[in-house]
Amino acid sequence: MDGIDMKRTKDLVLGKDGAAFDTKTGRTYRLNPSGEMALRLLQEGLPEDEVVGRLATHFAQHAAVVAAGTEAFVGQLRRYLP
Amino acid sequence: MTARRDRRPWTQWTVGLTGVNARPDNPGPGCAVARCLSEAGGFRGRIVGLGYGTLDPGLYHPDDGDGGHLLPYPAAGADALMERLEEILAVEPLDAIIPSLDAELPNFIALQPELARRGVRMVLPGRDQLRSRDKDRLPALCARAGVATPRVRPVTDPGFFERCTAEDEGAWRYPLVVKGVFYDAYVVHEPAEAAYRFGQIARTWGYPVLVQAHVVGEEVNLAALGDGSGALVGPVMMRKQALTEKGKAWAGVAIDDGDLLSAGERLMQALRWNGPLELEMLRDGSGTLHLIEINPRFPAWIYLSHAVGRNLPAALLALQQGVRREDLPLSPPRPGVTFIRHAREIIVSMEEIVSVSMNGSTLPRTLPDPRRRLSA
């Protein structure tokens with residue numbers, strides 16, 4: 001994951017219904033179920049390709065589709081977690 | 001007399017608080033400090049407002065105060081303040097005073113030894129410490145602490161704003177921030193606007209007026225205590241979420257920002273501050289934190305410290321009584337706790353207003369209402 005500080009993703013505290021609170025900036029975000037799972041996996045330290053594999057299995061989705069979505073999600077994390 | 005009073009725990013002290021003005025657009029910190037103490041666990045003492053105007057609400061607050069007295073304005077000097085405090089101490093022995101306004105600190109620092117002899121405790125920075133966080137000295141302090149800060153310079157001639165973009169004047173670029181030494185700051189976009197604000201600040205606060213490079217970013221603040229050792233005691237961090245027209249926090253959320261904490265620790269180490277302080281910092285688009293100001297007192301949002309389990313005014317009194325900083329009851333950070341300020345009227349009787357207007361003090365009070373303390 002280019003440009004993402006792994007420690008920084010751990011500043012996001014996941015609450016109920018996909019709410020994610022950034023303890024560093026005080027901002028709150030809302031994640032959909034796949035984003036929530038992706039974030040949990042990234043916080044565990046899984047590499048991006050393994051995150052894609054787990055998501056594809058869990059949501060019964062083609063890996064290429066999941067890979068595109070994960071790439072976009074990681075891009076959002078990069079933008080919102082300076 | 002003093003020895004007897006020293007044996008009482010801080011929770012039974014009579015505490016004088018300044019900064020008890022509370023105009024909604026720019027409230028002083030005193031009423032928030034009073035609320036922190038009033039709601040501190042076990043507090044059974046008295047809270048006395050020390051105000052500068054008859055309409056300062058902290059003189060009359062029915063829930064968080066036990067009356068109050070007027071003080072002479074800081075410009076009257078330390079002797080005038082001492083004279084008035086002697087009158088107050090004759091009728092209301094104070095165990096501690098927590099000054100909460102920048103402009104009054106030099107007077108209180110000058111009086112600290114004399115007040116200590118009379119049993120009045122204060123935790124204050126030294127004159128040199130106070131001076132080293134003046135706005136025009138922040139670059140030198142930040143260089144020692146390894147913290148970014150916008151460049152700043154004093155200005156006494158409004159013509160500077162026409163010339164300032166030239167190389168030999170420093171090649172300043174608009175927008176700029178024009179600031180008073182103690183209060184007020186305006187973002188200005190061109191020379192005429194800058195000169196107007198310069199005049200406005202000079203008339204209100206005197207010279208010099210300061211000009212500072214403008215940093216675009218999100219404001220984050222840190223309040224804490226210093227005990228003179230260089231340790232940052234009880235840091236509470238907050239991001240402003242809503243502002244008044246004067247840029248003061250109307251709502252804010254507690255955060256836990258490692259970068260802000262680290263900057264605070266380095267600044268505290270460089271200052272070896274004694275007493276409460278607030279750091280005002282801006283985070284720019286690249287994530288760099290820039291120190292904008294250090295306020296030598298509690299901020300008006302200090303009630304948030306009680307809400308997150310780090311009641312800093314109560315901790316200050318405990319430190320004054322000799323409690324070690326390691327033993328202060330400070331909870332881990334609780335990011336996400338939010339405050340929303342609101343304005344509220346308090347009702348004051350004609351007799352009370354007349355008493356303050358004519359005598360400089362509210363009507364004599366009885367002992368604190370125990371119901372108020374039990375609700376903490």
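What you see is a predicted model; the values in this text were computed from it and never measured. Worth knowing before you read on, the calculation uses all heavy atoms, side chains too, and leaves out hydrogens, waters and symmetry mates.
- Residue pairs meeting the salt bridge (charged side-chain N to carboxylate O under 4.0 Å, His left out) criterion with at least one partner in residues 52-66 of chain A, sequence neighbours excluded, are A/Glu50-A/Arg54.
- Sorted by first then second residue, the ring-ring contact (aromatic ring centres under 6.0 Å, His included) pairs that include residues 34-54 of chain A, not counting sequence neighbours, number zero.
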Determine which donor-acceptor pairs between chain A and chain B fall under 3.5 Å and list them with their distances.
residue: A/Thr23; atom: O; partner: B/Asp256; partner atom: N; Å: 2.5
residue: A/Lys24; atom: NZ; partner: B/Asp259; partner atom: OD2; Å: 2.4
residue: A/Thr25; atom: O; partner: B/Arg239; partner atom: NE; Å: 2.3
residue: A/Gly26; atom: O; partner: B/Arg239; partner atom: NH2; Å: 3.4
residue: A/Arg27; atom: NE; partner: B/Glu218; partner atom: OE2; Å: 3.4
residue: A/Arg27; atom: NH2; partner: B/Glu218; partner atom: OE2; Å: 2.1

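- Looking at residues two or more places apart in sequence or on another chain, you find a side chain to side chain contact (heavy atoms under 4.5 Å, CB included) between B/Ala307 and B/Leu304, B/Val337.
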